[in-house]
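Pasting a structure here, questions to come.
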Amino acid sequence: MLGVCYYPEHWRQDMWQQDAADMKALGLSYVRIGEFTWSRIEPARDDFHFEWLDLAIETLADAGLKIVFGTPTATPPKWLIDEFPEILPVDPATGKARGFGSRRHYDFSSERYLQEALRITDVLTKRYGGHPDIVGWQTDNELCCHDTALSVSRAARTGFRNWCAERYANIEKLNAAWGTVFWSMEYKDFSEIELPVGAVTETNPAHRLAYRRYSSDKVVEFHRKMVAVIRENAPGKWITHNFIPKEDLYVDAYALGKDLDIASYDNYPLGRTDMFFRAAGPDDVRRYMRTGHPDFSAYYHDTSRSFVTGGYWVMEQQPGPVNWAPHNPKPAKGMVRLWSLEAFAHGADCVSYFRWRQVPFAQEQMHAGLRRPDNVPAAAWPEVEQVFKDISKIDIAALKKAKSPVAIVTDVEALWHSDIEQQGAGYDFVCVEFAWYSALRRLGVDVDFISKASSFDEYRIVVVPCLPHVDEAFARKCKAAQATIIFGPRSGAKTEEFSIPDTLAPGALQQVLPVKVVSVETLRPDCPEKLIWGEGAYHVHSWCEELEPAGDVEVLATYADDAPAVVQAANIIYLAALTDDGFLQDLFEAQCGLKGVETFRLPQDMRLCRRGELYFAFNYAEVPQAAPASAGAEFVVGERHVQPRDVTVWRQPAHSNPGAS
């Protein structure tokens with residue numbers, strides 16, 4: 001299914017009917033509206049103007065389109081800010097209020113704003129919750145975008161103090177947990193606690209971790225209460241949220257997802273790639289400047305779909321140049337189609353394009369849509385037409401995305417830990433996790449992301465790139481698992497309150513992996529050192545741990561001085577250092593072979609994904625490349641030689657396993 005984001009309030013009413021007819025003719029089924037309309041719906045308190053919205057909904061529905069309604073709470077109107085200026089968030093970096101004139105200008109700790117957000121949500125869902133053509137609701141819009149998860153307002157300080165009092169019960173327990181005896185930071189009462197910003201140098205890491213936990217809890221509470229209002233007034237309608245990349249969300253996405261029916265993601269491969277690879281050299285950047293990195297969109301599809309146990313959508317798909325990245329090139333010809341089919345291969349039930357028509361005014365006037373500002377179809381139009389033909393031919397809705405054989409454990413607290421205590425400038429949690437994911441994808445392995453609370457039962461291999469706090473329950477789960485579990489460095493390195501475990505790292509993992517991390521060094525990324533595995537020579541970089549085996553442990557790989565660098569005990573493998581991509585790929589390929597997981601040595605810049613019985617090959621390269629299809633494969637879309645920036649879809653012949661190790 002295909003959809004689009006539409007803003008009828010931006011256009012003359014005499015355009016709406018033709019817009020709706022053109023959407024339907026393009027093959028679109030869904031239209032998202034409403035998420036930025038508060039000032040148009042309620043220009044003054046309790047002065048509601050619904051006539052235009054009623055007409056917009058009727059016009060879209062009459063064309064046979066289904067509607068997703070976004071609550072307009074990401075943009076509180078000026079009159080509300082003037083009435084309650086304390087709604088505004090306060091920037092942790094400057095200590096100043098982040099003012100009106102953009103979006104996401106509210107504080108999750110503001111009880112006043114929570115009341116107002118629930119009020120407008122209640123009004124809208126009572127009016128439209130039973131509308132037969134409004135089939136789903138989107139909560140807010142891109143929660144926490146623009147670094148808004150954290151605020152240092154008075155409300156946040158009061159809320160944090162209360163949160164600490166509830167968590168620790170007495171101030172002595174907090175002092176002990178945080179180690180406040182260091183640097184004479186001890187507190188006599190919870191009312192003395194400030195937010196951990198604005199100090200001369202770094203603040204207490206346990207204090208910062210607690211503040212992030214509190215902030216995450218406030219976002220989840222805000223969202224949960226909004227969902228409850230929608231559920232009450234719109235029974236039988238599904239609810240989603242359009243997630244941004246999890247490191248930008250910066251809160252517990254799995255906690256947010258518990259309240260939703262569908263996860264959705266806003267996919268902007270070029271804008272996000274430009275930001276993600278900002279430190280890369282010009283040759284690497286040029287290579288992916290108009291395509292995005294081959295693993296980038298897939299990484300976020302696989303993470304975002306894991307937040308909710310129901311369906312998965314792409315709520316916003318980039319159709320052309322965006323306006324918000326440092327550099328905003330246009331997609332290479334064919335890439336809008338490739339990205340769309342890639343989303344479906346990774347489990348999407350619907351891909352919705354942002355936006356219908358490029359708006360000629362305000363902040364996003366340089367952001368492309370499916371139609372230009374002069375209402376002529378934009379470059380992406382024929383690619384969307386082809387996507388509709390492709391998914392109809394494939395019958396994508398009939399294909400279920402099965403469990404993958406390999407899972408990656410991800411956890412927002414691991415991100416917080418590495419941000420709070422980076423220790424070495426070359427260590428970046430997201431880059432580490434992405435490198436492990438990319439190594440698996442280059443082998444053609446499908447990957448699920450799971451939370452640390454998830455079961456391992458259905459997976460053959462579980463990889464854990466970084467999990468600083470490992471509790472006893474997680475360690476027992478590892479011990480009982482049939483899967484091979486591969487840990488990266490820093491795993492088990494901290495207690496729940498951000499201290500070094502009494503038994504040293506890897507903490508609770510020592511019950512399944514009898515080693516100790518006795519020291520850690522961080523290296524410049526451009527000063528790698530040797531790693532020896534069998535007859536192969538690789539490199540370690542950035543983060544290296546000294547291991548002291550304390551039991552029956554097999555040394556798989558060593559540093560240049562023969563000290564253990566990769567060890568194994570039973571089903572647990574531990575990497576004590578960050579390694580080059582070649583080592584990760586070779587290690588994962590070997591372990592996949594042992595566990596019967598199908599792998600391929602794919603051509604450079606080609607990626608593979610499976611949905612149902614079909615294989616999808618995506619060629620990000622500038623030259624044709626052969627898909628790894630068996631002889632006798634039935635090609636459904638495309639051909640064996642995948643053209644540049646193109647897609648081939650096929651069905652393997654029975655009993656074929658061409659890529660098995």
- Message: In the structure I gave you, are the side-chain heavy atoms of Leu370 and Arg357 within less than 4.5 Å of one another anywhere?
- Response: no
- Message: Is the ring pair His293/Phe277 parallel, tilted or perpendicular, if the boundaries are 30 and 60 degrees?
- Response: parallel
- Do Trp79 and Glu83 meet the criterion of a side-chain donor-acceptor pair at a distance under 3.5 Å? no
- Parallel, tilted or perpendicular: ring planes of His10 versus Tyr7, cut at 30 and 60 degrees: parallel
- Shortest non-hydrogen separation from His105 to Ser102 and the atoms involved: CE1-O, 3.6 Å
- Message: Between Thr240 and Trp313, is there a side-chain heavy-atom distance shorter than 4.5 Å?
- Response: no
- Message: Checking Ser404 against Asp446: is there a side-chain donor and acceptor pair closer than 3.5 Å?
- Response: no
- Query: Is there side-chain contact between Val387 and Val336, with heavy atoms separated by less than 4.5 Å?
  - Reply: no
- Message: Under a 4.0 Å threshold between the charged nitrogen and the carboxylate oxygen, would Arg45 count as salt-bridged to Glu116?
- Response: yes
- Item | pair Thr71-Val229: side-chain heavy atoms closer than 4.5 Å | no
- Locate the shortest heavy-atom distance separating Met226 from Ala117; write the atom from each residue and the value. CE-CB, 4.4 Å
- Examine the side chains of His346 and Tyr312 and answer whether a donor and an acceptor come within less than 3.5 Å of each other. no
- Item | Worked check of side-chain contact (heavy atoms from CB on, under 4.5 Å) between Gln358 and Asn323 | CA-CA 11 Å; Gln358 183 175 344; Asn323 66 296; over 6 Å; no
- Validation row: Glu316, Asn141 side chains within 4.5 angstrom (heavy atoms): yes
- What is the ring orientation for His241 with His223, classed by angle as parallel under 30°, tilted 30 to 60°, or perpendicular over 60°? perpendicular
- Task: Using the six-membered ring wherever Trp is involved, compare the ring planes of Trp650 and Tyr615 and label them parallel, tilted or perpendicular (cut-offs 30° and 60°).
- Result: parallel
- Message: I need the Thr59 OG1 to Met15 CE distance, nearest 0.5 Å.
- Response: 13.0 Å
- Query: Given Leu341 and Gln386, is the side-chain contact (heavy atoms from CB on, under 4.5 Å) satisfied, shown in steps?
  - Reply: CA-CA 10 Å; Leu341 293 178; Gln386 186 59 48; over 6 Å; no
- Message: Just to verify, which of Phe449, Phe243, Phe307 counts as forming a ring pair (Phe, Tyr, Trp, His ring centres under 6.0 Å) with Tyr254?
- Response: Phe307
- Message: Within the 4.5 Å heavy-atom criterion, are Leu65 and Lys24 side-chain neighbours or not?
- Response: yes
- Message: Keeping Lys401 on the side-chain end and Arg610 on the backbone end, is there a donor-acceptor pair under 3.5 Å?
- Response: yes
- Item | Atom pair OH (Tyr300) and CG (Asn267), whose distance is rounded to the nearest 0.5 Å | 10.5 Å
- For side-chain contact (heavy atoms from CB on, under 4.5 Å), just list the numbers for Ile67 and Tyr128, CA-CA rounded to whole Å, side-chain angles, deciding distance to a tenth of an Å, and then say yes or no. CA-CA 11 Å; Ile67 298 165; Tyr128 297 113; over 6 Å; no
- When rounded to the nearest 0.5 angstrom, what distance separates OG1 in Thr37 from CD in Glu42? 11.0 Å
- Message: Could you go through Arg287 and Asp605, starting from their C-alpha distance and side-chain angles, then the distance that decides it, and tell me whether this counts as salt bridge (Lys or Arg N to Asp or Glu O under 4.0 Å)?
- Response: CA-CA 10 Å; Arg287 180 175 177 178; Asp605 295 338; 2.9 Å; yes
- Message: For the CZ atom of Arg127 and the NE2 atom of His131, what is their distance to the nearest 0.5 Å?
- Response: 10.0 Å
- Item | Residues Asp261, Lys237: salt bridge by 4.0 Å N-O rule | no
- Query: Roughly how far apart are Cys5 SG and Gln317 CD, rounded to 0.5 Å?
  - Reply: 10.5 Å
- Message: Does any part of the side chain of Tyr6, heavy atoms only, come nearer than 4.5 Å to the side chain of Met23, both counted from C-beta?
- Response: yes
- Query: Tell me, do Arg231 and Trp137 make a side-chain contact under 4.5 Å, heavy atoms counted?
  - Reply: no
- Among Tyr268, Phe296, Tyr288, ring pair (Phe, Tyr, Trp, His ring centres under 6.0 Å) partner for Phe276: Phe296
